[in-house]
Amino acid sequence: MELSELTAKELSQMLRKRTCSASEILESVLQQIQEKESDIGAYITLTEDLAKKQAQKVDEKLAKGVELAELAGIPIAVKDVICTKGILTTAGSKILENFVPQYNATVFNKVLAANMVVVGKANLDEFAMGTTCESSALRFTKNPRDLTRVPGGSSGGSAAAVAGNEAILALGSDTGGSVRLPAAFCGVVGLRPTYGRVSRYGVIPLASSFDQVGPMGKTVGDVRMLFNAIAGEDPKDMTTIPNKKFEKSFDIKKLTLGIYKEQFNEHVDPEISASVMKMVESFKEHGATIKEISVPYSEYFLPLYQIILTIEAASNLARHDGIRYGHRTQEFKDVEELYCKTRSEGFGPEPKRRIILGTFLSSAEFGGAYRKKAFYWMQKIAEAYDNAFKECDLLISPMSCSHAFKVGELVDPIKIYALDLCAFGASLASIPALALPCGLDSSNLPIGTQIIGPKYSEKFLFDVGEFYEAHCKT
Ligand code: GLN
């Protein structure tokens with residue numbers, strides 16, 4: 001077996017036992033990139049020279065017996081919305097095609113502090129707006145499990161890098177499913193953390209009420225390790241929160257798993273529902289209690305998400321005006337034309353659609369009515385989940401209604417927006433959700449499930465996910 005096919009946990013142990021070196025791990029990953037990247041297209045920028053230096057440094061330190069973080073020497077792909085000092089950071093947009101940040105995002109500093117090896121910046125839907133990765137203005141990413149299909153989005157490059165062994169771990173970002181959906185389409189594991197658990201300082205924003213950076217990897221154990229490395233309060237991000245202790249500890253015999261009623265609906269491919277139910281059955285066989293749980297208001301999830309997202313995206317994207325950084329149009333007669341031409345040339349169709357809708361919804365004539373009502377309902381939804389978690393420990397559901405689509409198969413934006421229907425709930429309620437593979441369908445494509453927990457339940461989610469991987473997976 002190639003080193004690039006192993007998990008971060010296995011590689012970390014091998015490094016410590018000196019059965020391989022960080023440079024050899026990197027070499028194996030670079031070999032995969034050389035063989036597959038022209039087909040997969042996971043990366044916008046490769047940072048091979050940096051990676052080689054980092055790997056060498058890890059090897060030198062290990063040779064001297066220096067104690068390193070558990071992820072030291074592990075190759076990682078970083079979604080290209082995460083600012084990296086001196087390294088191109090594009091958000092998949094022409095407007096930032098040549099943008100080189102002067103500072104690092106806090107999460108990237110944490111990756112560096114852990115002595116991880118940075119392989120490159122991963123492709124994404126433009127400004128993380130999308131579900132198939134096809135809205136990237138800069139790169140075309142395909143699903144390593146089937147190259148005729150999309151990897152999912154928006155963190156499609158991150159998921160494809162892990163699934164294609166072009167990285168061992170990856171960072172994505174999840175606003176309304178962007179870590180979880182590509183994880184499901186590519187057959188990898190991804191976590192949306194509790195809102196505020198991971199710093200967004202230096203992460204190019206989409207919708208600030210939802211954005212969270214999330215870890216991705218081949219196994220739950222790997223995602224746990226990466227989450228532990230990146231989580232924590234950050235004085236540079238006022239929305240970060242200290243970890244509150246989650247009172248329950250995992251015991252399969254005491255676990256009550258809620259089957260999330262509304263998310264097993266007629267839109268979900270029966271093969272996916274059946275596979276998730278098989279997973280539920282295996283938990284039951286090991287002693288867990290299973291209950292059907294209803295979370296009300298699901299019919300509001302999509303419109304609410306769209307209202308809040310477009311209002312916040314329109315505001316966040318206002319900074320891209322050609323004045324301070326990023327693309328600037330060549331010719332203009334006054335400042336208005338400068339703004340207008342720069343933004344018309346720089347943004348692709350998806351950001352434009354959302355900027356127009358968000359600007360309309362937040363226009364003065366409505367006096368904030370849409371926004372106020374949306375936040376009122378967001379609170380109601382958080383309460384609905386709180387109530388659900390009085391009856392069960394965690395909720396389980398399909399991650400998506402369908403397996404990965406063919407490239408170009410889905411073009412209607414409304415249908416694309418609906419793809420994330422299973423993902424919006426956790427985003428609206430600010431709670432964590434773990435996406436993990438639970439089998440293959442008859443087309444041999446990965447099926448993804450989602451386990452949703454109360455705030456701060458990440459450790460519990462990982463325990464349950466690891467139990468599944470160890471004891472139930474067939
Ligand atoms: N697919 C969703 C959207 O396009 C989610 C995006 C995300 O989580 N960044 O809004």
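Both ligands and their constituent atoms are indexed starting at 1 by order of listing.
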Derivation and outcome, side chain to side chain donor-acceptor pair (under 3.5 Å), residues Lys121 and Thr47: CA-CA 8 Å; Lys121 302 295 295 290; Thr47 50; over 6 Å; no
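- Residue-level proximity to ligand 1 for Leu419 is absent, since no heavy atom of it falls below 4.0 angstrom.
- Put simply, part of Tyr305 is less than 4.0 Å from ligand 1, judged by heavy atoms.
- Residue contacts with ligand 1: Leu206 is placed with no nitrogen or oxygen under 3.5 Å of a nitrogen or oxygen of the ligand (distance criterion only).
- For Phe360 and Phe366, the gap between ring centers is short of 6.0 Å.
- Distances below 4.0 Å separate heavy atoms of Ala128 from the following atoms of ligand 1: 6 (C), 7 (C), 9 (N).
- Here the side chains of Ser154 and Asp174 are not in contact, with every heavy-atom distance at 4.5 Å or above.
- By the 3.5 Å distance cut-off applied to N or O atoms, Asp174 is not counted among the residues near ligand 1.
- Residues Leu304 and Phe424 fail the side-chain proximity criterion, which asks for heavy atoms closer than 4.5 Å.
- Every heavy atom of Gln306 sits 4.0 Å or more from the atoms of ligand 1.
- For Gly176, a nitrogen or oxygen atom sits less than 3.5 Å from a nitrogen or oxygen atom of ligand 1, counting backbone and side chain alike.
- Nearest protein heavy-atom neighbour of atom 1 (N) of ligand 1: Asp420 OD2, 2.4 Å.
- Distances below 4.0 Å separate heavy atoms of Thr131 from the following atoms of ligand 1: 1 (N).
- Looking at Ser154 against ligand 1, only its side chain comes within 4.0 Å, counting heavy atoms.
- For the pair Asp463 and Arg224, the salt-bridge criterion is met [side-chain N within less than 4.0 Å of a carboxylate O].
- Atom NZ of Lys9 has 12 or fewer heavy atoms from other residues, nucleotides or ligands within 6.0 Å.
- In this structure the side chain of Thr141 never reaches within 4.5 angstrom of the side chain of Ser136, judged on heavy atoms.
- Contacts of Arg192 with ligand 1, taken as heavy-atom pairs under 4.0 Å, are absent altogether.
- Residue, atom and distance of the protein heavy atom nearest to atom 6 (C) of ligand 1 are Ser178 OG, 2.9 Å.
- For the pair Lys79/Val203, no side-chain contact is recorded, criterion being any heavy-atom separation below 4.5 Å from C-beta on.
- Protein heavy atom nearest atom 4 (O) of ligand 1, with residue, atom name and distance: Arg354 NH2, 2.7 Å.
- For ligand 1, none of its N or O atoms has an N or O atom of Leu309 under 3.5 Å away.
- Counting non-hydrogen atoms of neighbouring residues, nucleotides and ligands closer than 6.0 angstrom, the NZ atom of Lys341 exceeds 12 such neighbours.
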